[in-house]
Trainee: 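Quick one: this structure, given as structure tokens, is what I'll be asking you about.
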Amino acid sequence: MGRKVTLATCSLNQWALDFDGNLERILKSIEIAKAHGAKYRLGPELEIWPIMHHNVRYNCRVLFLNRYVSTPILLIRPKMLMANSGVYREMRWFSPWKQSRQVEEYFLPRIIQEVTGQDTVPFGDCVLSTKDTCIGTEMCAELWNPNSPHIQMGLDGVEIFTNSSASHHELRKADQRVNLVKSATIKSGGIYLYANLRGCDGDRVYYDGCAMVAINGDIVAQGAQFSLNDVEVITATLDLEDVRSYRGELCQPNMVRQVKVDFSLSSGDDIHLPTHQPITWHFNSPEEEISLGPACWLWDYLRRSEQAGFLLPLSGGVDSSSTACIVHSMCVLLCQAVEGGNSQVLEDVRRVVGDDSYRPEHPRELCGHIFTTCYMASENSSEDTCSRAKGLANQIGSTHMNINIDMAVKGILGIFSVVTGRWPQFRVNGGSHRENLALQNVQARVRMVLAYLFAQLGLWARGKPGGLLVLGSANVDESLTGYFTKYDCSSADINPIGGISKTDLKSFLLYCVEQFQLTALTGILSAPPTAELEPLTDGQVSQTDEADMGLTYSELSVIGRLRKISKCGPFSMFCKLIHTWKDALSPAEVAQKVKHFFRMYSVNRHKMTTVTPSYHAESYSPDDNRFDLRPFLYNTRWTWQFRCIDNQVALRQGLHCHRILRLNGGGRRGSQI
């Protein structure tokens, strides 16, 4: 009996309810795995199989041998530990299998019986025992659980662990996933196969592949994290004796339930087979992740929505420029895929542009076909932002328009004036705060209406078919504080940067300057962020975002993580920040910032109920739809919490004064001696 096994795992871009497409991708991955000599192929979670057992719905792995044997279905293994936090609500759809090491008979549906010739198959917590090894199963969140099944399976003698996963992308998360896979085998040895979904999940999440194979704590095969390939298969040839030598005396007497299989993964003559050696995993930088993840998500959304491209209100600021650069990155990936022979991408590109003979030659040229940008000027807009928007549009190749919105704004205010007999004024012209805010909101909302008008009819006006998806460009920090107008041009179809912080977006644009030679971004990065909704002063911007918010973007990143990840309310946040910011701010100043943030957050939380669906990228996202489920009506006075903060500030000030008096007193006594 041989001892070397060739195993395959994959990343598939599956799509809910796309039964034909899902089957096609599964079969293609099996064909590739067999062509590479693999005798075991692992697919991602829920690639095709939810199961009803005793009228309970389970998320299951179904393990087959092949169709030309008497019992092709060997085992149905239900998921035991569910993902029920963050972006996941698995308990809404499935129940966990709670009977550890228990197996029942599952009666196959008649349509399956007719194909396999089987009436029942084992269902439960079980492993496969082949002639030459033992194979165990984990599913997605079970790897992340402190009581992962692989721990006991490894001690019971299981040599090959398989994990079918549906793990989403978050910035700076990939190393956690890799470390978990490595640690699963570094303690007691073993081979670990990890498969994952890839692509837009039909919602706000992007599954980022990273299929991998590990042995005894080392990664030996790595799949891509971001790719436009719908099917990716990686294989590795490994020596089972390496596992047995590594383990030595660690295993316990076998207690796990087994299904015996008359099959071998190894062959008798395998001495000539080379084995895969450890590799160093290449991790993408956060800037690369922003460039690639949202770009792949946008492409999936565009091709599956059957629209003809995107429209973006391009203001010349960091946020909208970041969205534009992500679309440009998408075009770069598309051209690379076509050049690399990806026929599916070429077919999809041709369908989007409406030309069966089209072949993209350059990202800039492709951008001109599928990406429209527009600068929406008002009397409060500066020449600088107009010039910056035009410069960036020219470098990425988008079809660019300049639109003046003053006529529409004055028309709306005219209607209000006819009805009320009043004409509101900006604050600099003597108006109240309410007038000032209303005038800003009218401009912002007019931009949304015009964006959708041009998205629906822009191609029609140019004699082309189809409509455009409107892209948003509000970042995660602005969503957190509500620093945007409800139903303004941040209201769009989708937003690729809504889960990314301003700090990360600035770093991303610096990356784009070097990676894509987009030199127009240099001026955009050096300009202060501004909404340009209030009158200019001597032709220059007088309004800035950070001044309006009363907090810097770097401060908001810290506050956002404390609110969501550390679960801090006002008082506990204050208690942490007086130490974090002690070198820059006094306790009283920290208290002022914390209270100001929570007032803004609670007053504006209702805006999150209508915010544009955004790419999930950050662990402190305030997304109300799926990730951050909280009330949107708060007591905005926070009376008890703010009183606790005030008491602490007073106490610390009293202690500080007491120390000063003691020091001064000590100094006088010393001078008298």
Trainee: Under 4.5 Å between any side-chain heavy atoms of M608 and V611, yes or no?
Mentor: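 Yes; the side chains approach each other to less than 4.5 Å.
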Trainee: Kindly compute the distance separating CG (L81) from CG (N84), expressed to the nearest 0.5 Å.
Mentor: 12.0 Å
Trainee: Give me the ring orientation class for F161 and Y192: parallel if the planes are under 30° apart, tilted from 30 to 60°, perpendicular past 60°.
Mentor: tilted
Trainee: With a sphere of 6.0 Å drawn around NZ of K576, does it hold more than 12 non-hydrogen atoms of other residues, nucleotides or ligands?
Mentor: no
Trainee: Scan for side chain to side chain donor-acceptor pair (under 3.5 Å) pairs involving residues 608-617, sequence neighbours excluded, and state none if there are none.
Mentor: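 Of all non-adjacent pairs touching residues 608-617, those that pass side chain to side chain donor-acceptor pair (under 3.5 Å) are H169-Y615, E170-H616.
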Trainee: Decide whether D242 and N216 meet the rule of one side-chain donor and one side-chain acceptor closer than 3.5 Å.
Mentor: no
Trainee: Could you report the tightest heavy-atom contact between C512 and L521, atom names first, then the distance?
Mentor: CB-CD1, 3.6 Å
Trainee: Side chains of S501 and T503 only: does a donor on one sit below 3.5 Å from an acceptor on the other?
Mentor: no
Trainee: In terms of relative ring orientation, are Y301 and W297 parallel, tilted or perpendicular, with 30° and 60° separating the classes?
Mentor: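 Rings of Y301 and W297: tilted, as their planes differ by 30° to 60°.
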Trainee: Does D319 pair with K502 as a salt bridge, N-O distance under 4.0 Å?
Mentor: yes
Trainee: Which atom pair, heavy atoms only, marks the closest approach of V158 to I135?
Mentor: CG1-C, 4.0 Å
Trainee: Go through the steps for L143 and H150 under the test side-chain contact (heavy atoms from CB on, under 4.5 Å), then give the verdict.
Mentor: CA-CA 8 Å; L143 172 63; H150 72 258; 4.2 Å; yes
Trainee: About how many Å separate CG of L518 and NE2 of H328, when rounded to the nearest 0.5 Å?
Mentor: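 Separation between the atoms: 5.0 Å.
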Trainee: Salt-bridged, D628 to R605, with N to O below 4.0 Å?
Mentor: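 R605 and D628: salt-bridged.
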Trainee: Quick one: pull up CD1 in I160 and OG1 in T137 and give me the separation to the nearest 0.5 Å.
Mentor: 11.0 Å
Trainee: Among Y88, F627, Y206, find the one that has a ring pair (Phe, Tyr, Trp, His ring centres under 6.0 Å) with H168.
Mentor: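 Exactly one candidate clears the test, Y88.
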Trainee: With no hydrogens and no angle check, is any side-chain donor or acceptor of E232 less than 3.5 Å from a backbone partner on A224?
Mentor: yes
Trainee: Distance-only, no hydrogens or angles: does the K567 side chain make a donor-acceptor pair with backbone N or O of K564 under 3.5 Å?
Mentor: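 Yes, the answer is positive, given that a donor and an acceptor are paired below the 3.5 Å cut-off.
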Trainee: Do E478 and Y553 come within less than 4.5 Å of each other through their side chains, counting heavy atoms only?
Mentor: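 In contact.
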Trainee: Just checking, any donor-acceptor pair under 3.5 angstrom between side chains of N475 and Y483?
Mentor: no
Trainee: Pick out which of K79, R198, R77, R61 makes a salt bridge (Lys or Arg N to Asp or Glu O under 4.0 Å) with E45.
Mentor: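 Only one of K79, R198, R77, R61 forms a salt bridge (Lys or Arg N to Asp or Glu O under 4.0 Å) with E45, namely K79.
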Trainee: For the residue pair Q225 / D208, report whether a side-chain donor-acceptor contact shorter than 3.5 Å exists.
Mentor: yes
Trainee: Measuring from E287:CD to Q515:CD, what's the distance to the nearest 0.5 Å?
Mentor: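 The CD atom of Q515 is 11.5 Å from CD of E287, to the nearest 0.5 Å.
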Trainee: Could you give the distance from CG (L333) to OG (S291), rounded to the nearest 0.5 Å?
Mentor: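 Between L333 CG and S291 OG, I get 6.5 Å after rounding to 0.5 Å.
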Trainee: If every non-hydrogen atom of A324 is compared with every non-hydrogen atom of L392, which pair is closest and at what distance?
Mentor: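 Closest approach of A324 to L392, heavy atoms only: CB-CD2, 4.3 Å.
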Trainee: Kindly indicate whether the side chain of L509, heavy atoms from C-beta on, has any atom under 4.5 Å from the side chain of C325.
Mentor: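 In short, these two side chains touch, coming nearer than 4.5 Å.
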Trainee: Looking only at side-chain N and O atoms, does T323 offer a donor or acceptor that is under 3.5 Å from a partner on S473?
Mentor: no
Trainee: Using side-chain heavy atoms (C-beta onward) and a distance below 4.5 Å, is N22 in contact with R25?
Mentor: yes
Trainee: With distance as the sole test, does N495 use its side chain to make a donor-acceptor pair with the main-chain N or O of P613 at under 3.5 Å?
Mentor: no
Trainee: Is a side-chain donor-acceptor pair under 3.5 Å present for D18 with Q14?
Mentor: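 Not at all, the side chains of Q14 and D18 share no donor-acceptor pair under 3.5 Å.
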Trainee: State, without any angle test, whether S320 and S315 hold a side-chain donor-acceptor pair at a distance under 3.5 Å.
Mentor: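 Yes, a side-chain donor-acceptor pair sits under 3.5 Å.
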Trainee: Any chance you could measure Q222, atom CD, to F283, atom CZ, to the nearest 0.5 Å?
Mentor: 8.0 Å
Trainee: How close do R41 and C10 get, heavy atom to heavy atom, and via which atoms?
Mentor: NH2-SG, 3.7 Å
Trainee: Between S621 and G499 (side chain of the first, backbone of the second, donor and acceptor by atom type, cut-off under 3.5 Å), is there such a pair?
Mentor: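 Looks like no, no N/O pair under 3.5 Å.
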